[in-house]
Novice: 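Starting off with a structure, shown below.
Since we're looking at a predicted model, the values are computed, not measured.
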Amino acid sequence: MVRMPPLTAKKQALEEALRGYGAVVVAYSGGVDSAFLTAVAHDVLPGAALAVTAVSPSLARRERAGAEALARRYGWRHRTVETREVERPEYARNAGDRCYWCKDELFDVLAPIAARRGAALAVGTNTDDLGDHRPGLRAAREHGVRSPLVDAGMSKADVRALAAERGLPVADKPASPCLASRVAYGVEVSPERLRRIDEAEEAVRDLGFDVLRVRDHGDLARVEVPVEDLPRAAALRDEMHSRLVALGFRFVTLDLAGFRSGSLNAALGPPAIRRVE
């Protein structure tokens, strides 16, 4: 018996899972996971796959434009819907479970769309996500949302490799979680604060940095860029400072530890004691 390469077997498992749904609605952000899932869904279920992007103040303008452009490029069936997680007090208070309330709102909006189409609702969660602080996973379970990439055993590296194999331009796109992920826990999330973060990151990006975060600690903006870019960022400190102060920050710091995803989660304690939902 000839064994298939691991990636080929995983891709086949994903296709079989999607085919078994009959129809699917994909929560599509434009990142590599949801884009790859959308691409495969449209291959396997032509005419019965729909990608839906949730639009709210927590979605960066750049991310929305990128998601829409990618869907147009490949002819995917795509629509946008409005979500109102920022209006939920549980979300706005910005405790460690903020992501749960965001996903609960998302699935409250997407579930009826899927139900009207007789479709499964699916997200681009991969196996690496299962070991991180992801309160949104609990919301997905409560709403009966499918995670076909997990069911197929796909890691982030698997998804990137398969996305590159099919030529998706987002195959090596850095992760770009919602703007609220830049707000320090305990600092209220508001549309105004999210808008300021979006503008702040565009201001730093205009200085020539592709990978970055501007973390909002109230009056303080903490800028993260890759370690190798720290000398260049330090050389541009006057311009960076003036741009962010103009947006309403009183203090601007450059994080000497460099860019790292989920750095604000350090406030929740060591990973070993966090409860992964």
Novice: Quick test of your reading of the model: are Glu199 and Arg195 salt-bridged, counting only N-O distances below 4.0 Å?
Specialist: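 Salt bridge flag = no for Arg195 with Glu199.
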Novice: Shortest non-hydrogen contact from Pro148 to Leu18?
Specialist: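 So the two residues come closest at CG-CD2, 4.3 Å.
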Novice: To the nearest 0.5 Å, tell me how far Glu202 CD sits from Arg243 CZ.
Specialist: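 One finds 11.0 Å between CD of Glu202 and CZ of Arg243.
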Novice: CG of Asp206 to CD of Glu239: how many Å apart, nearest 0.5 Å?
Specialist: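 Atom-to-atom, Asp206:CG and Glu239:CD are 10.0 Å apart.
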Novice: Using a strict 4.0 Å threshold on nitrogen-to-oxygen distance, state whether Glu224 and Arg215 make a salt bridge.
Specialist: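 Salt bridge present between Glu224 and Arg215.
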Novice: Side chains of Gln12 and Lys10: closer than 4.5 Å at any heavy-atom pair?
Specialist: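 No, side chains not in contact.
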Novice: Regarding Arg232 and the six-membered ring of Phe209, is the cationic atom NZ or CZ under 6.0 Å from the ring centre and inside 45° of its axis?
Specialist: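 Because its charged atom sits under 6.0 Å from the ring centre and within 45° of the axis, Arg232 does stack over Phe209.
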Novice: Do the side chains of Val223 and Val252 get nearer than 4.5 Å, heavy atoms only?
Specialist: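 In short, these two side chains touch, coming nearer than 4.5 Å.
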Novice: Heavy atoms only: give me the nearest Arg146-Ala120 pair and the separation to one decimal.
Specialist: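 So the minimum-distance heavy-atom pair works out to CG-CB, 4.1 Å.
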Novice: Indicate yes or no for a side-chain donor-acceptor contact from Thr83 to the backbone of Glu85 under 3.5 Å, with no hydrogens or angles considered.
Specialist: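 It does not hold such a pair.
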Novice: Identify the two heavy atoms, one from Val227 and one from Pro231, that lie closest to each other, and give their separation to 0.1 Å.
Specialist: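 Answer, listing the atom of Val227 first, then Pro231: O-CD, 3.8 Å.
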Novice: Is the shortest heavy-atom distance from the side chain of Val32 to the side chain of Arg160 under 4.5 Å?
Specialist: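 Contact flag for Val32/Arg160 side chains = yes.
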Novice: Between Arg250 and Leu220, is there a donor-acceptor pair closer than 3.5 Å when you use the side chain of the first and the backbone of the second?
Specialist: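 A pair under 3.5 Å: no.
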Novice: Taking Leu207 as the starting point, is it possible to reach Leu247 by hopping between hydrophobic residues whose side chains are less than 4.5 Å apart?
Specialist: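 Yes, same cluster.
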Novice: Kindly indicate, with the supporting measurements, whether the criterion side-chain contact (heavy atoms from CB on, under 4.5 Å) is fulfilled by Asp104 and Arg88.
Specialist: CA-CA 10 Å; Asp104 188 57; Arg88 291 193 176 201; 2.7 Å; yes
Novice: Decide if the gap between the ring center of His78 and the ring center of Tyr28 is smaller than 6.0 angstrom.
Specialist: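 They qualify: ring centres under 6.0 Å apart.
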Novice: Could you tell me if Arg77 and His42 have a donor-acceptor pair between their side chains, going purely by distance under 3.5 Å?
Specialist: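 The criterion, which ignores hydrogens and geometry beyond distance, is not satisfied for Arg77 and His42.
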Novice: Calculate, to the nearest 0.5 Å, the distance between atoms OG1 and CD belonging to Thr80 and Glu68 respectively.
Specialist: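 Here the interatomic distance stands at 6.0 Å.
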Novice: Quick test of your reading of the model: are Arg196 and Asp216 salt-bridged, counting only N-O distances below 4.0 Å?
Specialist: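 Counted as a salt bridge, because a side-chain N and a carboxylate O are separated by less than 4.0 Å.
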Novice: Over all heavy atoms of both residues, which pair between Ala111 and Leu121 is shortest? Give the atoms and the distance, please.
Specialist: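 Looking at all heavy atoms of both residues, the closest pair is N-CD2, 4.0 Å.
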Novice: With side-chain hydrogen bond (donor to acceptor under 3.5 Å, both in side chains) as the test, pick out the partner of Lys156 among Asp128, Thr127, Asp33.
Specialist: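 Among Asp128, Thr127, Asp33, the one that satisfies the side-chain hydrogen bond (donor to acceptor under 3.5 Å, both in side chains) with Lys156 is Asp33.
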Novice: Is it possible for you to say whether Tyr21 and Val25 belong to one hydrophobic cluster, with membership spreading through side-chain heavy-atom contacts below 4.5 Å?
Specialist: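 No.
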Novice: So does Ala180 get a backbone contact from the side chain of Ser58, meaning a donor-acceptor N/O pair under 3.5 Å?
Specialist: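 Not at all, since once roles are kept as given, no pair shorter than 3.5 Å links the two residues.
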Novice: With side chains defined as the heavy atoms from C-beta onward, is the minimum distance between Arg98 and Tyr185 less than 4.5 Å?
Specialist: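 In contact.
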Novice: How far apart are the C-alpha atoms of His241 and Phe249, what are their side-chain angles, what is the distance that settles it, and do they pass the side-chain contact (heavy atoms from CB on, under 4.5 Å) test?
Specialist: CA-CA 9 Å; His241 179 269; Phe249 291 104; over 6 Å; no
Novice: Within the distance-only criterion (no hydrogens, no angle test), does the side chain of Asp129 pair as donor or acceptor with the backbone N or O of Asn126 below 3.5 angstrom?
Specialist: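 Yes, the answer is positive, given that a donor and an acceptor are paired below the 3.5 Å cut-off.
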Novice: For the pair Arg19 and Glu16, find out whether any cationic side-chain nitrogen is under 4.0 Å from an anionic carboxylate oxygen.
Specialist: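 Salt bridge flag = no for Glu16 with Arg19.
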Novice: For the atom pair CH2 (Trp76) and CG (Leu70), what is the distance rounded to the nearest 0.5 Å?
Specialist: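 One gets 4.0 Å once the value is rounded to the nearest 0.5 Å.
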Novice: Find out if a path of hydrophobic residues (ILVMFWY) with successive side-chain heavy-atom gaps under 4.5 Å connects Tyr91 to Tyr100.
Specialist: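 Per the 4.5 Å side-chain linkage, Tyr91 and Tyr100 are co-clustered.
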Novice: How about Leu212 and Phe259: do any of their side-chain heavy atoms sit closer than 4.5 Å?
Specialist: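 The answer is no, as the side chains (C-beta and beyond) never meet within the 4.5 Å cut-off.
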Novice: Indicate yes or no for a side-chain donor-acceptor contact from Arg64 to the backbone of Arg62 under 3.5 Å, with no hydrogens or angles considered.
Specialist: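 Not a single qualifying donor-acceptor pair exists.
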Novice: Can Lys173 and Glu63 be counted as an ion pair, charged N to O under 4.0 angstrom?
Specialist: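 Yes, charged N to carboxylate O under 4.0 Å.
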Novice: Decide, yes or no, whether a salt bridge links Arg61 with Asp198 under the criterion of side-chain N to carboxylate O below 4.0 Å.
Specialist: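 A salt bridge links Arg61 with Asp198.
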Novice: Taking NZ, NE, NH1 and NH2 as the nitrogens, is one of them in Asp97 or Lys103 under 4.0 Å from a carboxylate oxygen of the other?
Specialist: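 Here Asp97 does not pair with Lys103 in a salt bridge, since their nearest N and O are not under 4.0 Å apart.
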Novice: Given 3.5 Å as the limit, does a donor-acceptor pair link the side chain of Asn94 with the main chain of Val187, or not?
Specialist: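 Yes, the answer is positive, given that a donor and an acceptor are paired below the 3.5 Å cut-off.
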Novice: Rounded to the nearest 0.5 Å, what separation is found between the CG atom of Asp151 and the CG atom of Leu149?
Specialist: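 Interatomic distance, Asp151 CG to Leu149 CG, rounded to 0.5 Å: 9.0 Å.
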Novice: Between Leu7 and Leu168, is there shared hydrophobic-cluster membership here, with clusters defined by ILVMFWY side-chain heavy atoms closer than 4.5 Å?
Specialist: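 Leu7 clusters together with Leu168.
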Novice: Nearest 0.5 Å, what's the OG-CG distance between Ser29 and Leu106?
Specialist: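 Going from OG on Ser29 over to CG on Leu106, the span is 10.0 Å.
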Novice: Under a 4.0 Å threshold between the charged nitrogen and the carboxylate oxygen, would Arg213 count as salt-bridged to Glu201?
Specialist: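 No salt bridge links Glu201 with Arg213.
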Novice: Do the non-hydrogen side-chain atoms of Leu179 and Pro57 ever get within less than 4.5 Å of each other?
Specialist: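 With C-beta onward as the side chain, the pair stays apart.
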Novice: Between the main-chain N or O of Leu254 and the side-chain N or O of Arg237, is there a donor-acceptor pair closer than 3.5 Å?
Specialist: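 The answer is no, because no donor-acceptor pair under 3.5 Å joins these two groups.
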Novice: Among all residues two or more places apart in sequence or in another chain, which pass the ring-ring contact (aromatic ring centres under 6.0 Å, His included) test with Phe251?
Specialist: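 Applying ring-ring contact (aromatic ring centres under 6.0 Å, His included) to Phe251 gives none.
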Novice: Checking the side chain of Ser155 only, and the main-chain atoms of Asp158 only, is there a donor and an acceptor separated by less than 3.5 Å?
Specialist: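 The answer is yes, because a donor-acceptor pair under 3.5 Å joins these two groups.
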Novice: Check Gly22 against Leu45 and note the closest heavy-atom contact, atom names and distance.
Specialist: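 Answer, listing the atom of Gly22 first, then Leu45: O-CD2, 3.5 Å.
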Novice: Does any non-hydrogen side-chain atom of Val24 lie less than 4.5 Å from one of Leu50?
Specialist: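 A side-chain contact under 4.5 Å is absent here.
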Novice: Between Val81 and Thr53, is there a side-chain heavy-atom distance shorter than 4.5 Å?
Specialist: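 The answer is no, as the side chains (C-beta and beyond) never meet within the 4.5 Å cut-off.
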Novice: Does Glu105 come within less than 4.0 Å of Arg84, counting only side-chain N to carboxylate O?
Specialist: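 Result for this pair is no, no salt bridge flagged.
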Novice: Please list, chain by chain and in numerical order, all residues satisfying ring-ring contact (aromatic ring centres under 6.0 Å, His included) with His143, sequence neighbours excluded.
Specialist: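 With sequence neighbours excluded, His143 shows a ring-ring contact (aromatic ring centres under 6.0 Å, His included) to Phe107, given in chain and number order.
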Novice: Determine the minimum heavy-atom distance between Ala27 and Ser34, stating which atoms define it.
Specialist: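 Minimum heavy-atom contact is O-CB, 3.5 Å.
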Novice: If you group Ile, Leu, Val, Met, Phe, Trp and Tyr by side-chain heavy-atom gaps below 4.5 Å, do Val26 and Val52 land in one group?
Specialist: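 They do not share one cluster, since no chain of ILVMFWY contacts under 4.5 Å joins Val26 to Val52.
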